[in-house]
Amino acid sequence: MDLDEILRNIPSFDDPNILIGSETKDDAGVYMISDEIALVLTVDLFPPIVDDPYVYGAISAANSMSDVWAMGGRPVTALSIVGFPEKDLPRWVLGEILKGAAEKCAEAGIGIIGGHTIRDNEPKFGLSVIGVINPRRIIANKGAKPGDTLILTKPIGTGIITTGLKLGFIKEETMRRAEKIMMSLNKTASELMIKYDPHSCTDITGFGLLGHLKEMMDASGTGSRIFFHRTPLIEGIMDFVKEDCFPGGAYNNLRYVNESVIWAKGIDKDKKLILCDPQTSGGLLIIMEKDKGIDFLDELKENGIQDAAIIGEVIDSAGKIIVEE
Ligand code: CO
Ligand code: CO
Ligand code: CO
């Protein structure tokens with residue numbers, strides 16, 4: 001039984017205040033408190049993907065908060081979830097993980113006000129983040145319209161690079177670059193996009209660029225055309241691609257999207273897997289009216305989000321994704 005099947009069999013709870021539930025595969029649940037305020041609720045955690053515990057904590061915190069920003073919400077506070085092997089690792093490691101997370105949250109303007117720790121064979125860390133949003137301004141997976149433009153705010157390739165680290169293929173400079181990208185907050189991009197009234201947004205994480213794009217297209221009843229050469233990639237990633245450092249998740253994602261995708265001739269297996277590479281703390285994929293997209297891209301760059309790019313457009317062939325060279 002796959003996960004979708006399992007989730008389908010769980011009885012849903014009827015509550016008119018649930019504005020976004022688990023059915024639409026959105027980034028976070030949204031629960032209405034009043035006409036003006038809804039809560040944005042999300043939780044995420046994962047085992048270490050980098051060697052430095054401080055950086056791991058910071059990346060995990062940035063990743064957890066990202067789901068609130070992807071909905072157009074504002075994080076207000078968080079709780080930590082920790083698994084830690086007390087016998088195998090010194091306590092200071094846990095201290096560094098928590099410090100990295102706390103400083104990342106402080107950068108976002110929020111505090112971690114509690115949490116829970118259990119013994120576990122390998123470390124795990126993440127946050128449950130609580131955000132707020134105006135119930136009329138929720139930016140969900142559905143809402144894309146033909147003619148809209150697709151904007152990606154961070155380069156992709158973190159799954160490939162962290163897999164390289166696991167396999168012992170290490171390029172220090174590229175690793176540091178990937179860490180910096182994973183630690184960078186989607187806060188500014190989210191705050192800027194709200195001004196442009198986007199139709200849809202998600203953050204790129206485990207399903208990769210194409211997996212998340214497919215979810216948005218399926219939810220919206222639209223299709224899309226994207227260009228590989230316009231898609232921002234982390235500099236240095238091709239060294240890892242040549243060494244075949246693809247994570248298992250990239251192959252799974254490719255299987256998941258393959259039926260929906262029409263590949264241009266020049267898109268070889270490596271390029272397909274890059275577009276399906278599962279990201280940690282990836283960028284926002286934002287869909288908005290074409291004219292607004294050009295101004296929005298300028299504003300992102302003015303605010304230091306240099307890698308942001310327009311990677312394609314929404315078309316009306318429902319369920320089809322065309323990948324051009
Ligand atoms: Co998400
Ligand atoms: Co998530
Ligand atoms: Co969303």
Side-chain angles (χ1 to χ4, degrees), residues 3 7 22 25-29 41-70 75 78-86 88-89 93-105 108 110 112 115-131 154 156-167 175-176 178-186 202-209 211-212 215 234 240 245-253 256 276-285:
L3 185 62
L7 293 176
S22 55
K25 299 182 181 171
D26 267 284
D27 298 295
L41 305 161
T42 176
V43 58
D44 232 315
L45 79 165
F46 47 78
I49 48 162
V50 293
D51 286 337
D52 182 328
Y54 178 93
V55 174
Y56 165 50
I59 290 171
S60 189
N63 178 74
S64 294
M65 288 187 282
S66 180
D67 278 330
V68 176
W69 288 311
L79 303 167
S80 59
I81 313 135
V82 189
F84 196 74
E86 266 196 318
D88 305 324
L89 283 175
V93 173
L94 178 57
E96 283 295 295
I97 295 170
L98 295 174
K99 191 174 165 214
E103 292 191 358
K104 207 26 91 179
C105 286
I110 73 169
I112 299 170
H116 189 73
T117 304
I118 59 163
R119 279 191 208 96
D120 202 343
N121 292 333
E122 67 174 344
K124 291 185 189 70
F125 180 76
L127 298 177
S128 170
V129 182
I130 296 97
K154 285 188 191 181
I156 59 174
T158 64
I160 292 165
I161 293 166
T162 55
T163 299
L165 177 71
K166 277 181 208 142
L167 297 175
M175 271 310 299
R176 295 293 93 75
E179 285 176 1
K180 222 178 128 198
I181 289 162
M182 290 187 282
M183 280 194 283
S184 72
L185 300 177
N186 283 326
T202 197
D203 60 337
I204 305 303
T205 51
F207 294 119
L209 174 61
H212 289 282
E215 288 184 343
I234 298 174
F240 291 78
C245 298
F246 291 112
Y251 291 93
N252 293 339
N253 291 340
Y256 169 65
C276 291
D277 182 39
Q279 302 300 285
T280 299
S281 191
L284 299 180
L285 179 60

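Not measured: the values here are computed from a predicted model.
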Discussion item. Check this for me: Asn121, atom CG, are more than 12 non-hydrogen atoms of other residues, nucleotides or ligands nearer than 6.0 Å?
Written reply: no
Worksheet item: Can you say whether the rings of Phe125 and Tyr56 are parallel (under 30°), tilted (30 to 60°) or perpendicular (over 60°)?
Response: perpendicular
Worksheet entry | Gap between atom NZ of Lys154 and atom CD1 of Ile204 - 0.5 Å precision | 11.0 Å
Worksheet item: Can you tell me how far CD of Glu215 sits from OG1 of Thr202, rounded to the nearest 0.5 angstrom?
Response: 7.0 Å
Response to the item:
Separation between CD1 (Ile110) and CD1 (Ile112), nearest 0.5 Å, reads 7.0 Å
Response to the item:
Residues at least two apart in sequence or cross-chain that pass salt bridge (charged side-chain N to carboxylate O under 4.0 Å, His left out) with Asp51, listed by chain then number, are none
Practice prompt. Give a yes or no answer on whether the side chain of Ser64 reaches the backbone of Ala61 with a donor-acceptor pair at less than 3.5 Å.
Written response: no
Practice prompt. Please report the shortest heavy-atom distance between Phe240 and Ile161, naming the atom on each side.
Written response: CE2-O, 3.7 Å
Worksheet item: Which pairs pass salt bridge (Lys or Arg N to Asp or Glu O under 4.0 Å) with one or both residues in residues 95-105, sequence neighbours excluded?
Response: Lys104-Glu107
Discussion item. Just verifying a value: how many Å separate Ile81 CD1 and Leu45 CG, rounded to the nearest 0.5 Å?
Written reply: 5.5 Å
Practice prompt. Could you tell me which residues satisfy side-chain contact (heavy atoms from CB on, under 4.5 Å) with Ala102, sequence neighbours excluded, listed by chain and number?
Written response: none
Worksheet item: Is there a donor-acceptor contact under 3.5 Å from the side chain of Asp277 to the main chain of Gly159?
Response: yes
Discussion item. Given 3.5 Å as the limit, does a donor-acceptor pair link the side chain of Gln279 with the main chain of Gly206, or not?
Written reply: no
Worksheet entry | His212 side, atom NE2; Asn253 side, atom CG - distance, nearest 0.5 Å | 7.5 Å
Fill in: Check: Ile160 and Pro247 side chains under 4.5 Å, non-hydrogen atoms
yes
Worksheet item: So, Ser281 side chain and Met182 main chain: donor-acceptor pair closer than 3.5 Å or not?
Response: yes
Worksheet item: Where does the angle between the aromatic ring planes of Phe207 and Tyr256 fall among parallel (under 30°), tilted (30 to 60°) and perpendicular (over 60°)?
Response: tilted
Discussion item. Any non-hydrogen side-chain atom of Leu89 less than 4.5 Å from a side-chain atom of Leu94?
Written reply: no
Worksheet item: What distance separates Thr162 OG1 from Ile49 CD1, expressed to the nearest 0.5 Å?
Response: 5.5 Å
Practice prompt. Give a yes-or-no answer on whether the side chains of Ser66 and Asn186 include a donor-acceptor pair shorter than 3.5 Å.
Written response: yes
